[in-house]
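To start, the structure under review is shown below, and the notes come after it.
Throughout, protein chains are lettered first and strands after them, A, B, ... in sequence-line order, and every chain is numbered starting at 1.
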Amino acid sequence: MSRALRGRLLILFALVALVLGLSQLRDDGTAAQAAQPPCGPNDANRQTLNLYDGSQVRPCLSGAVLQLNIVRGLFQTPFRVNKIRFVEGPVTLTMADGSTRSNLYHITFESFLIDDRASLLVDAPNYDLSLAPDASSTIGGSGVNIDLWVTGSSRLEVRVLFCFGFSIDGLSGLSNILNGTSWDGCSLDFDIVFATLYRPAGSSTGTFPLRMPDTTIEVR
Amino acid sequence: MPAATGTRWRRTGVLMALAFATLGSLGWMVKTNVLAAEIVVQSNTAQFATTELYGVDTAFGMSTVSRSTGAGGTDTRQVLRGGFAKGQLDGLCVSQKQQVLGQTFTIRLTAGDGVVGTREIVGENAMFDIVTLRTTSGANGKNGLMLDGRSLLGVASHDATTIKGPDGQFVENPLRAPVGSGYYAIDADVGHLYNARGTIYQGEIGGPFSAPGLKIDVLPGDVGCASQPLPR
């Protein structure tokens, strides 16, 4: 095939590809009216959750767990948690498919500052969803509540001169002493079943309680 | 007699006229703000970039997409489906690489007013199937992924909400995700991405869409959005 013919065929195919590609465009001017799937039969699997500020949410829980992992550095303080509170636990929550997950603890923070050693991963049977910030991230802030439902086996190490490790179900027994305290942390390994970030009723946007700069999101 | 060389404009003119007619109608629909579009990427990923994306009633939820594998075959791919009820963008680039007869070329769609900080592109009921997404610092001095308002992390994808119906109630399962457990989603009042680049399988804009400066190029070589400055 001569070079000239090859060039003309290339232009021809490019134009055909463009026209065929554009022909995929269709006018769909009205918003889609999707089916209305309940959360289980008669919406029976929808979970009512009472938040720390007294409000309620009623999500259909995915059942997939968000793993928040912060590895220990040599001398650095990779995270700080402000005003931790143990609200309730252990509790059992219902997932969208009707299965249950027990030994969960409802804890809250005011804010949570994490450095670039944090990683967030949803490790599900048929996919991995990772969120990897490579700069310090802020979750929460003054006036913002962060409510988490984590497994009792979730662990954190706090720095009191040295690093001391605890499981959440172990710490919950000290809630009368720990509620309202703030810590620097050495490492953290949380399995988060559900989380909500919000300002108390009466105000809504403007504070961006989740801020993750230089973040890579990947589905594998 | 020497062989003929050069482009046969009469032969290609028919197809060019068809292509330009399509582009013309596309431009008319954009100008009159009535365009709603579904951009379907058949089998390969496309590149995506924007200097800023501001979405109201935003959800990011795991879902599945069927893609063509050729010869009538399909497979299923897990994707992170990002959707918003109302969105504004500061610049937009979508591109896809093609191989024909051993030659590489790129189809590249760009839009924007060329000014950083103006969210000139407006759309409603939009969704993108994300494989990778990266936010970095840019000319606007901003950087990252931010969520505002009330954010819920861990809802089932089919329970995430974006658009509302005529009755003012949230339409259920706007992400068209599989019903049941296992599909993780984040649901937020507002989602804000700065200086974002990524790869997507498909994009859909179900409502009115206005994109000043909309341009479609067919370019030789691999010159997708990833190789270009962030659109603005």
Do the side chains of A:L129 and B:L80 get nearer than 4.5 Å, heavy atoms only?
-> yes
Okay, side chain of A:T215, backbone of B:T135: is any donor-acceptor separation there less than 3.5 Å?
-> no
Which value, rounded to the nearest 0.5 Å, describes the distance between A:D147 atom CG and B:L153 atom CG?
-> 12.0 Å
In terms of heavy-atom pairs under 4.5 Å with chain A, which of B:P220, B:S181, B:G144, B:G61 leads?
-> B:S181
Any chance you could measure B:Q78, atom CD, to A:Y127, atom OH, to the nearest 0.5 Å?
-> 8.0 Å
Hey, what do you get for CE (A:M212) to CG (B:L147), rounding to the nearest 0.5 Å?
-> 9.0 Å
Starting at CZ of A:F208, measure out to CG of B:L145 and round the result to the nearest 0.5 Å.
-> 10.5 Å
Between A:V193 and chain B, which part of the residue has a heavy atom less than 4.5 Å away: side chain, backbone, both or neither?
-> backbone
Examine distances only and state if a side-chain atom of B:N143 and a backbone atom of A:D214 form a donor-acceptor pair shorter than 3.5 Å.
-> yes
Sort out for me which of B:I130, B:D187, B:V131, B:T64 touches chain A most, counting heavy-atom pairs under 4.5 Å.
-> B:V131
What pair of heavy atoms forms the shortest contact from B:H158 to A:P38, and how long is it?
-> NE2-O, 3.9 Å
Minimum heavy-atom separation for A:P209 to B:G149, with atom names?
-> CG-O, 4.0 Å
Which answer fits B:R197, side chain, backbone, both or neither, if we ask what part of it has an atom under 4.5 Å from a heavy atom of chain A?
-> neither
Using non-hydrogen atoms only, which part of B:V190 is less than 4.5 Å away from chain A: side chain, backbone, both, or neither?
-> side chain
Sort B:S137 into side chain, backbone, both or neither according to what part of it lies under 4.5 angstrom from a heavy atom of chain A.
-> backbone
With side chains defined as the heavy atoms from C-beta onward, is the minimum distance between B:Y183 and A:S62 less than 4.5 Å?
-> no
Shortest non-hydrogen contact between A:C60 and B:D159, atoms and distance | N-OD2, 2.9 Å
Can you say whether A:I146 sits under 4.5 Å from chain B via the side chain, the backbone, both, or neither, judging by heavy atoms?
-> neither
So how far is it from A:R199 CZ to B:D189 CG, rounded to the nearest 0.5 Å?
-> 12.5 Å
So do the side chains of A:F194 and B:L152 get within less than 4.5 Å of each other, counting heavy atoms only?
-> yes
Does any heavy atom of chain B fall under 4.5 Å from the side chain of A:A124, the backbone, both, or neither of them?
-> side chain
In terms of side-chain geometry, is the basic nitrogen of A:D134 or B:R134 positioned less than 4.0 Å from the acidic oxygen of its partner?
-> yes
Relative to chain A, which of B:A160, B:G198, B:A156, B:A85 shows the most heavy atom pairs under 4.5 Å?
-> B:A156
A:N126, CG: over 12 other non-hydrogen atoms inside 6.0 angstrom = yes
Is chain B contacted by the side chain of A:V144, its backbone, both, or neither, given a heavy-atom distance below 4.5 Å?
-> neither
Look at B:I186, B:T199, B:V155 and state which one has the largest set of heavy-atom pairs under 4.5 Å with chain A.
-> B:V155
Might you confirm whether atom CZ of A:F190 has over 12 heavy atoms from other residues, nucleotides or ligands at distances under 6.0 Å?
-> yes
Donor-acceptor pair between B:T132 and A:R220 side chains, under 3.5 angstrom = no
How long is the gap from OH on B:Y184 to CG on A:D123, to the nearest 0.5 Å?
-> 13.0 Å
Least distance between heavy atoms, B:R150 atom then A:Q56 atom | NH1-O, 4.0 Å
